[in-house]
Undergrad: 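Let me begin by handing over the structure; questions about it come next.
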Amino acid sequence: MTTVKTPADEAEARAIQDELRDRVVLDETGPLPGRGLVAGVDVAYDDERDLVAAAAVVLDAATLEPVGEATAVGHVSFPYVPGLLAFRELPTVLAALDALTVVPDLVVCDGYGLAHPRRFGLACHLGVVTGLPSMGVAKNPFTFSYGEPGARRGDSSPLLAPDGAVVGRALRTRDGVKPVYVSVGHRVSLDNACAHALALSPAYRIPETTRRADSLCRRALREAS
DNA sequence: GCGACAG
DNA sequence: ATCTTGTCGC
């Protein structure tokens, strides 16, 4: 059972990120696109009732057919603070991952990995505590900048931190549609992460993994007591 | 000091 | 994230 420490405050949360950051592995390429089992994770909130529902859905990367899924419901343990999203989402996400009966070869997160103020976003955190290769696909550029990529599916451009460092890639998954923002989490190369993101998005802007996880966690939240 | 800011 | 059905268009 993997878990995450719930910080008492924001300062402690940042300290935990600074401590865990060194454990991120960046010199592995990860599973090849279109091969193995890929999990998608997402969460839905009901702040009124103090509830969080997480879902993990595993797809066969070759066919995109689901081979496993699990959910978990918990209580909101941390407020939403940009840069500290992992402390809000991971406790319940890890519970859902633990409930899976299959072990994924890669986990796709709804958010960022290295594209983070301290280079330790949600996907890095998840990867480090589970040991699994992980990556992030976000719907918004957060505080990062990028040049508009070409208009065709598959076109991309570097996602840049304020200091000019490349922290990910703006990737067009559909012709003429706003790109998604891909960054490495743990034990995956940026090239492979982008190839996975593209292979997982044959019909919609968002990868099938997160689309499936999104609908599943919403259903779990509705059905939660 | 102020604003911006993944989900 | 969340409030939310049908509808316009390819």
Side-chain angles (χ1 to χ4, degrees), chain A residues 4 6-7 10 13-14 16-17 21 24 40-57 71-97 107-128 134-146 151 153 159-163 165 167-171 173-186 190 193 197 203-207 209-222 224:
Chain A
V4 189
T6 295
E10 298 183 16
R14 285 189 286 271
I16 292 173
Q17 292 181 327
R21 185 177 45 213
V24 175
V41 293
D42 195 18
V43 296
Y45 301 98
D46 184 341
D47 287 304
E48 306 287 292
R49 298 179 182 180
D50 185 43
L51 287 180
V52 190
V57 176
T71 61
V73 176
H75 294 283
V76 179
S77 55
F78 204 81
Y80 170 65
V81 180
L84 301 179
L85 185 60
F87 298 100
R88 181 169 170 81
E89 306 213 332
L90 283 193
T92 319
V93 164
L94 294 177
L97 280 174
V107 180
V108 178
C109 298
D110 189 21
Y112 280 118
L114 280 189
H116 180 273
R118 289 170 296 285
R119 302 292 187 276
F120 194 72
L122 176 63
C124 296
H125 205 141
L126 184 148
V128 164
S134 64
M135 54 178 273
V137 178
K139 300 182 286 295
N140 296 294
F142 201 8
T143 60
F144 301 98
S145 61
Y146 63 99
R153 165 180 158 82
L159 191 62
L160 307 171
D163 65 3
V167 293
R169 215 170 273 168
L171 173 67
T173 53
R174 292 198 68 186
D175 291 354
V177 174
K178 174 181 177 174
V180 294
Y181 308 91
V182 180
S183 62
V184 160
H186 182 61
L190 182 54
Y204 298 93
R205 178 169 88 108
I206 303 303
T209 35
T210 68
R211 295 187 74 246
R212 298 250 188 178
D214 179 74
S215 61
L216 183 56
C217 68
R218 288 182 196 235
R219 181 154 62 81
L221 186 61
R222 288 199 308 267

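Reminder, nothing fancy here: chain letters follow the sequence lines and each chain counts from 1. Every heavy atom of this structure was used, including side-chain atoms; hydrogens, water molecules and symmetry mates were not.
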Undergrad: Under 4.0 Å from OP1 or OP2 of B:dC5: is there any side-chain N or O of A:Asn140 that close?
TA: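 Result: no.
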Undergrad: In whole angstroms, how far is the C1' atom of C:dC10 from the CG atom of A:Asp175?
TA: 13 Å
Undergrad: For the side chain of A:Thr143, counting heavy atoms from C-beta on, which of B:dC5, C:dT2, B:dA6 is nearest?
TA: B:dC5
Undergrad: For A:Tyr146 and A:Tyr181, run side chain to side chain donor-acceptor pair (under 3.5 Å): C-alpha distance rounded to whole Å, both residues' side-chain angles, the deciding distance at 0.1 Å, then the answer.
TA: CA-CA 10 Å; A:Tyr146 63 99; A:Tyr181 308 91; 2.7 Å; yes
Undergrad: Any idea which of B:dA6, C:dT2, B:dG7 is nearest the A:Ala44 side chain?
TA: C:dT2
Undergrad: OP1 or OP2 of B:dA6 versus the side-chain N and O atoms of A:Lys139: is any pair under 4.0 Å?
TA: no
Undergrad: Measure from CZ on A:Arg218 to C1' on C:dT4 and round the result to the nearest Å.
TA: 11 Å
Undergrad: Separation of A:Arg211 atom CZ from B:dG7 atom C1', in whole Å?
TA: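 Nearest whole value for this atom pair: 18 Å.
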Undergrad: For A:Arg118, look at atom CZ and say whether over 12 heavy atoms of other residues, nucleotides or ligands are found less than 6.0 Å away.
TA: yes
Undergrad: In whole angstrom, give the distance that lies between atom CZ of A:Phe144 and atom C1' of B:dA4.
TA: 13 Å
Undergrad: Measure the distance from CZ on A:Phe78 to C1' on B:dA6 and round it to the nearest whole Å.
TA: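 To the nearest whole Å, that distance equals 15 Å.
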Undergrad: Is A:Tyr45 touching bases, backbone alone, or none of the nucleic acid, heavy atoms closer than 4.0 Å?
TA: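 Sugar-phosphate, no base atom in range.
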Undergrad: Just say parallel, tilted or perpendicular for the rings of A:His125 and A:Phe87, cut-offs at 30° and 60°.
TA: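 Perpendicular, since the angle between the ring planes exceeds 60°.
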Undergrad: Donor-acceptor check, side chain of A:His75 to backbone of A:Asp50, threshold 3.5 angstrom: yes or no?
TA: yes
Undergrad: Between B:dC5, B:dG7, C:dA1, which nucleotide has the shortest distance from any of its atoms to the side chain of A:Asp42?
TA: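 Taking heavy atoms from C-beta onward, the closest nucleotide is B:dG7.
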Undergrad: Is A:Lys139 salt-bridged to A:Asp110, cutoff N-O under 4.0 Å?
TA: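 Yes, charged N to carboxylate O under 4.0 Å.
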Undergrad: Within the structure, does a side-chain N or O atom of A:Arg88 lie under 4.0 Å from either OP1 or OP2 of C:dA1?
TA: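 False: A:Arg88 side-chain N/O out of range (4.0 Å or more) of C:dA1 OP1/OP2.
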Undergrad: For A:Leu90, answer base if it contacts any base atom (sugar-phosphate contacts may also be present), sugar-phosphate if it contacts only those atoms, and nothing otherwise; contact means non-hydrogen atoms under 4.0 Å.
TA: nothing
Undergrad: Rounded to whole Å, how long is the line connecting atom OH of A:Tyr112 with atom C1' of B:dA4?
TA: 14 Å
Undergrad: With a 4.0 Å cut-off on heavy atoms, is A:Gly83 in touch with a base, just the backbone sugar-phosphate, or nothing at all?
TA: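 If one applies the 4.0 Å heavy-atom cut-off, A:Gly83 turns out to touch a base.
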Undergrad: Round to a whole Å and report the spacing from CD of A:Glu89 to C1' of B:dG7.
TA: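 These atoms are roughly 5 Å apart.
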Undergrad: Can you measure A:Asp110 atom CG to C:dT2 atom P for me and round it to whole angstrom units?
TA: 10 Å
